[in-house]
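We name chains A, B, ... by the order of the sequence lines, and we start the count at 1 in each one.
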Amino acid sequence: MKLASWNVNSLKVRLPHLLDWLAKQSPHAVGIQETKLEDATFPFEPIQTAGFRCVWSGQKTYNGVAILSRSPLKDVATGIPGFPDVQKRIIAATAGDAADALRIVCAYAPNGEAVGSEKFEYKLRWFAAFRDWIEEELKRYPRLVVLGDYNIAPADVDVYDPVALKGQVLCSPRERQAFRDLLALGLRDSFRMFTQPEKSFTWWDYRMNAFKRNLGLRIDHILLAPELVPLCRSSSIDVSPRRLERPSDHAPVVVELGPSPL
DNA sequence: ATGTCTCAGGGACTGAGA
């Protein structure tokens with residue numbers, strides 16, 4: 001069973017890319033970010049026709065998240081409890097039923113603009129609230145997957161030029177601490193459970209021919225609850241959609257979960 | 001190289017956000 005996370009940077013523009021990718025990869029469930037669509041205009045019909053249930057939470061122009069799944073979605077929740085926020089960055093749902101159901105949290109973390117900015121402080125407040133909520137979700141749902149665009153490169157190895165970007169937004173010590181605080185709940189960064197190619201990234205700036213030169217960052221992650229860790233067979237980044245015409249600036253991350261421990 | 005892309009407002013281009 002494949003699970004994926006993909007920041008599509010406008011679902012309106014990227015719907016053809018998403019549908020092609022769903023047909024090729026045939027994932028069981030996908031969390032998408034930056035839909036940039038109000039709820040009334042979410043394109044659920046073509047997604048449904050492709051074989052997926054979906055739930056979504058969006059707004060005009062900015063943010064917006066959704067979960068697609070081949071199995072029914074229930075217990076849908078949006079936002080972080082106790083953290084009022086007009087920005088639509090969180091959707092959670094339970095995919096499937098009975099013992100093998102998965103709880104999926106799909107998150108679009110704040111970008112943070114620049115270290116020391118107001119948006120940066122909002123990002124850190126957001127992560128503190130997110131961590132506290134995920135701690136509760138983990139107690140309630142041992143089969144928890146926390147995926148999305150975290151807008152944090154956890155370590156220097158996740159950055160194309162760690163010297164040039166040292167201390168900058170997406171790489172700064174406080175952001176990396178926020179990421180480690182999440183892992184301290186027992187979550188595992190699925191990508192680092194396996195040997196990976198050097199310079200593996202999920203996002204490349206549209207400028208400076210960054211993708212062609214592989215000047216990227218690994219900021220999209222699929223984190224797994226302890227109970228799911230033994231089931232994880234692989235974790236990888238699919239850069240192929242980044243090569244298409246009018247691509248998203250992000251590539252999807254994919255994990256494969258088996259039904260039982262190896 | 002303030003370099004690209006998306007979106008809104010308004011009806012050509014600018015500004016915001018990433």
Side-chain angles (χ1 to χ4, degrees), chain A residues 5-21 31-43 46-47 56-66 79 85-91 106-127 130 147-154 158-172 174-176 178-179 201-221 237-253:
Chain A
S5 176
W6 193 6
N7 180 324
V8 295
N9 186 18
S10 168
L11 185 53
K12 188 178 177 182
V13 176
R14 236 65 71 187
L15 183 61
H17 293 53
L18 177 65
L19 295 173
D20 284 355
W21 193 80
I32 61 178
Q33 303 88 34
E34 282 205 271
T35 57
K36 299 186 176 180
L37 290 173
E38 287 181 299
D39 289 345
T41 56
F42 189 89
I47 292 171
W56 57 91
S57 175
Q59 66 189 93
K60 207 199 286 191
T61 316
Y62 307 120
N63 310 313
V65 283
D85 193 354
V86 295
Q87 304 189 31
K88 305 297 189 188
R89 298 185 173 279
I90 297 279
I91 191 163
C106 173
Y108 173 51
N111 168 280
E113 191 189 20
V115 174
S117 68
E118 214 166 280
K119 287 177 189 146
F120 187 78
E121 295 306 319
Y122 160 71
K123 180 177 192 173
L124 294 176
R125 284 199 309 278
W126 186 94
F127 267 103
F130 185 63
L147 55 77
D149 178 356
Y150 288 75
N151 268 314
I152 298 175
D158 303 309
V159 179
Y160 70 92
D161 188 343
V163 175
L165 296 181
K166 186 178 170 64
Q168 299 294 306
V169 73
L170 314 183
C171 315
S172 74
R174 289 174 77 196
E175 290 166 276
R176 286 178 170 174
F179 191 79
F201 306 126
T202 65
W203 171 82
W204 303 259
D205 200 298
Y206 283 122
R207 295 168 288 192
M208 300 187 299
N209 276 319
F211 179 68
K212 276 184 184 164
R213 300 159 65 199
N214 198 28
L215 306 181
L217 301 175
R218 191 176 71 93
I219 57 176
D220 301 84
H221 310 293
I237 299 161
D238 181 5
V239 297
S240 60
R242 191 64 173 79
R243 297 197 182 99
L244 301 173
E245 292 288 312
R246 288 191 91 187
S248 167
D249 44 353
H250 294 253
V253 184

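Taking atom CG of residue A:Leu244 and atom P of nucleotide B:dC5, one finds them 14 Å apart after rounding to whole Å. Taking atom NZ on A:Lys60 and atom C1' on B:dA8, their separation rounds to 7 Å, with Å as the unit. In this structure, CG of A:Leu11 is placed 13 Å from P of B:dT6, rounded to the nearest angstrom. As a whole-Å value, the separation of A:Leu215 CG from B:dA1 P is 16 Å. If you measure from atom NZ of A:Lys212 to atom P of B:dT4, you get 12 Å, rounded to the nearest angstrom.
Here, B:dG3 and B:dG15 have their P atoms 13 Å apart, quoted to the whole Å. The same atom, C1', is picked in B:dT2 and in B:dA18; the two are 14 Å apart, to the nearest Å. If you take atom P in B:dA16 and the same atom in B:dG10, they sit 15 Å apart, rounded to whole Å. The C1' atoms of B:dC7 and B:dA12 are separated by 16 Å, rounded to the nearest whole Å.
Among residue pairs with one or both ends in residues 8-17 of chain A, those qualifying as side chain to side chain donor-acceptor pair (under 3.5 Å) are A:Asn9-A:Lys36, A:Asn9-A:Tyr206; sequence neighbours excluded.
Annotation: of the two residues near DNA chain B, A:Arg213 and A:Pro247, the 5′-most nearest-nucleotide partner is A:Arg213.
Under the rule for a ring-ring contact (aromatic ring centres under 6.0 Å, His included), the partners of A:Phe42 that lie at least two apart in sequence or sit in another chain are A:Trp56. Qualifying side chain to side chain contact (heavy atoms under 4.5 Å, CB included) partners for A:Glu121, counting only residues two or more places apart in sequence or in other chains: A:Leu124, A:Arg125, A:Arg174. Partners of A:Phe201 by ring-ring contact (aromatic ring centres under 6.0 Å, His included), not counting sequence neighbours: none found.
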Donor-acceptor contacts under 3.5 Å from residues 107-115 of chain A side chains, at least two apart:
| residue | atom | partner | partner atom | Å |
| --- | --- | --- | --- | --- |
| A:Tyr108 | OH | A:Glu34 | OE1 | 3.4 |
| A:Tyr108 | OH | A:Glu34 | OE2 | 3.4 |
| A:Asn111 | OD1 | A:Glu113 | N | 2.8 |

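Side-chain N/O atoms of A:Ser10 include one lying less than 4.0 angstrom from OP1 or OP2 on B:dC7. Contact annotation: A:Arg14 side-chain N/O to B:dC5 OP1/OP2 distance is not under 4.0 Å.
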> For nucleotides 10-18 of chain B, read 5' to 3', which letter fits each nucleotide if B means a protein heavy atom sits under 4.0 Å from the base, S means only the sugar-phosphate is that close, and - means neither?
Replying inline: -------SB

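Counting heavy atoms from C-beta on, the side chains of A:Asp149 and A:His250 come closer than 4.5 Å.
More than 12 heavy-atom neighbours from other residues, nucleotides or ligands sit within 6.0 angstrom of NZ on A:Lys123.
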